[in-house]
Trainee: 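Sharing a structure with you now.
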Amino acid sequence: MKIAFTTTGTTLDDPIDPRFGRAPRFLIVDTDSEAFTLLDNAQNLNAAQGAGIQAAQHASSSGAQAVVSGHCGPKAFHVLTTAGIDIYTTKASSIREALTLFKDNKLSKQDSADVEGHWV
């Protein structure tokens with residue numbers, strides 16, 4: 001299974017970015033092998049509008065079946081769930097910690113957005 005983690009870094013030991021739409025990149029991790037690829041999201045970092053929607057479309061095109069971030073707004077939530085992508089939020093200190101929590105079924109799947117639109 002592939003998971004898209006929001007991050008400012010480039011490795012599993014880097015922190016999760018609490019923002020979904022305006023995260024600089026996604027780390028797409030295969031849960032079986034823990035191999036990962038980076039997906040640049042810089043085009044949405046400073047977007048005036050639509051960052052969450054475009055980031056959700058970007059994450060969806062990566063083949064991710066789940067997203068883990070600090071927060072997820074309503075428009076991104078709608079796009080992701082429509083694409084069949086599950087959303088999890090966490091306060092884990094690193095992607096590696098969040099991945100462990102996910103594998104241990106200790107992350108809760110979100111059933112709605114947890115912040116308002118245009119949250120920064």
Side-chain angles (χ1 to χ4, degrees):
M1 173 181 201
K2 287 183 178 180
I3 303 175
F5 293 88
T6 56
T7 186
T8 56
T10 59
T11 73
L12 291 173
D13 295 316
D14 287 318
I16 290 183
D17 193 305
R19 306 162 299 172
F20 175 75
R22 297 190 187 279
R25 64 190 62 89
F26 300 110
L27 201 75
I28 312 297
V29 180
D30 182 303
T31 56
D32 294 329
S33 66
E34 296 193 8
F36 62 87
T37 57
L38 286 169
L39 184 63
D40 186 66
N41 191 45
Q43 75 273 13
N44 295 315
L45 189 58
N46 297 313
Q49 297 183 43
I53 293 170
Q54 293 175 46
Q57 292 169 336
H58 202 43
S60 177
S61 70
S62 75
Q65 296 160 294
V67 164
V68 178
S69 184
H71 299 281
C72 186
K75 292 178 182 174
F77 185 89
H78 176 73
V79 172
L80 290 168
T81 56
T82 298
I85 297 172
D86 294 331
I87 301 148
Y88 300 85
T89 57
T90 184
K91 293 181 180 178
S93 62
S94 69
I95 293 169
R96 188 178 306 279
E97 180 185 354
L99 179 59
T100 299
L101 292 169
F102 181 86
K103 287 180 172 181
D104 292 343
N105 292 318
K106 292 183 176 177
L107 292 182
S108 298
K109 187 172 131 182
Q110 299 294 299
D111 58 5
S112 64
D114 71 325
V115 292
E116 298 293 321
H118 303 283
W119 178 82
V120 180

Trainee: Taking Gly9's backbone N and O only, do any of them form a donor-acceptor pair with Arg25's side chain (distance below 3.5 Å, no angle check)?
Mentor: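 Side chain of Arg25 to backbone of Gly9, a donor-acceptor pair under 3.5 Å: yes, one is there.
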
Trainee: CG/Asp13 to OG/Ser93 distance, rounded to the nearest 0.5 angstrom?
Mentor: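 Reported to 0.5 Å precision, the distance equals 9.5 Å.
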
Trainee: Can you name the nearest heavy-atom pair linking Ala59 to Val67, along with the distance?
Mentor: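 Smallest interatomic distance, heavy atoms only, reads CB-CG2, 4.5 Å.
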
Trainee: If you define the side chain from C-beta out and look only at heavy atoms, does anything of Glu97 sit under 4.5 Å from Ile95?
Mentor: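 Of all side-chain heavy-atom pairs linking Ile95 with Glu97, none is under 4.5 Å.
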
Trainee: Counting distance only, does the side-chain N/O of Thr31 pair as donor-acceptor with the main-chain N or O of Met1 below 3.5 Å?
Mentor: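 Present.
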
Trainee: For Val79, what are the other residues in its hydrophobic cluster, where any two members join if their side-chain heavy atoms are less than 4.5 angstrom apart?
Mentor: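 Noted: Val79 shares its cluster with Ile53.
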
Trainee: Would you indicate whether the side-chain heavy atoms of Leu38 and Leu27 approach each other to under 4.5 Å?
Mentor: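 Counting from C-beta outward, Leu27 and Leu38 do come under 4.5 Å.
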
Trainee: For Thr6 and Ala23, work out which heavy atoms get closest and say how close.
Mentor: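 In this case the closest contact between Thr6 and Ala23 is CB-CB, 3.7 Å.
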
Trainee: Look up atom CG in Leu80 and atom CD in Gln57, then write down how far apart they are to the nearest 0.5 Å.
Mentor: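 Leu80 CG to Gln57 CD: 9.5 Å, rounded to 0.5 Å.
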
Trainee: State the CD1-OG distance between Ile28 and Ser62, to the nearest 0.5 angstrom.
Mentor: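 Result: 3.5 Å between the selected atoms.
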
Trainee: Which heavy-atom pair separates Ser69 from Pro18 by the least distance, and what is that distance?
Mentor: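 Taking Ser69 first and Pro18 second, the nearest heavy atoms are OG-O, 3.8 Å.
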
Trainee: Atom NZ of Lys2 and atom CG of Asp32: how far apart are they, to the nearest 0.5 Å?
Mentor: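 The CG atom of Asp32 is 12.0 Å from NZ of Lys2, to the nearest 0.5 Å.
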
Trainee: Run the salt bridge (charged side-chain N to carboxylate O under 4.0 Å, His left out) test against Asp17 and tell me which residues pass, sequence neighbours left out.
Mentor: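 Only Arg19 meet the salt bridge (charged side-chain N to carboxylate O under 4.0 Å, His left out) criterion with Asp17.
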
Trainee: Using the ring pair (Phe, Tyr, Trp, His ring centres under 6.0 Å) criterion, which residues pair with Phe26? Sequence neighbours excluded.
Mentor: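 Phe26: ring pair (Phe, Tyr, Trp, His ring centres under 6.0 Å) contacts with Phe20.
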
Trainee: I'd like to check Asp14 versus Thr8 (side-chain heavy atoms, cut-off strictly below 4.5 Å). Are they in contact?
Mentor: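 Asp14 vs Thr8: side chains apart.
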
Trainee: Checking Asp40 now: which residues fulfil salt bridge (charged side-chain N to carboxylate O under 4.0 Å, His left out) with it, not counting sequence neighbours?
Mentor: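 Testing Asp40 for salt bridge (charged side-chain N to carboxylate O under 4.0 Å, His left out), a comparison that skips the adjacent residues, returns none.
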
Trainee: For the pair Asn41 (side chain) and Ala55 (backbone), establish whether a donor and an acceptor sit closer than 3.5 Å, ignoring hydrogens and angles.
Mentor: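 Not confirmed, Asn41 side chain does not pair with Ala55 backbone.
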
Trainee: Which atoms form the tightest heavy-atom contact between Ile3 and Phe5, and what is the distance?
Mentor: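 Where Ile3 meets Phe5 most closely, the heavy atoms are CG2-CE1, 3.6 Å.
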
Trainee: Holding to side-chain contact (heavy atoms from CB on, under 4.5 Å), I want the full list of residues that pass it with Asp104, two or more places apart in sequence or in another chain.
Mentor: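 Testing Asp104 for side-chain contact (heavy atoms from CB on, under 4.5 Å), a comparison that skips the adjacent residues, returns Thr100, Lys106.
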
Trainee: In Å and rounded to the nearest 0.5 Å, what is the CD1 to OG1 distance from Ile16 to Thr7?
Mentor: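 Answer rounded to 0.5 Å: 7.5 Å.
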
Trainee: Under the ring-ring contact (aromatic ring centres under 6.0 Å, His included) definition, can you give me all pairs with a residue in residues 86-105, not counting sequence neighbours?
Mentor: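 ring-ring contact (aromatic ring centres under 6.0 Å, His included) check on residues 86-105 returns Tyr88-Phe102.
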
Trainee: Is it the case that the side chain of Lys109 and the backbone of Asp86 share a donor-acceptor pair, with hydrogens and angles ignored and the cut-off at 3.5 Å?
Mentor: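 Looks like no, no N/O pair under 3.5 Å.
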
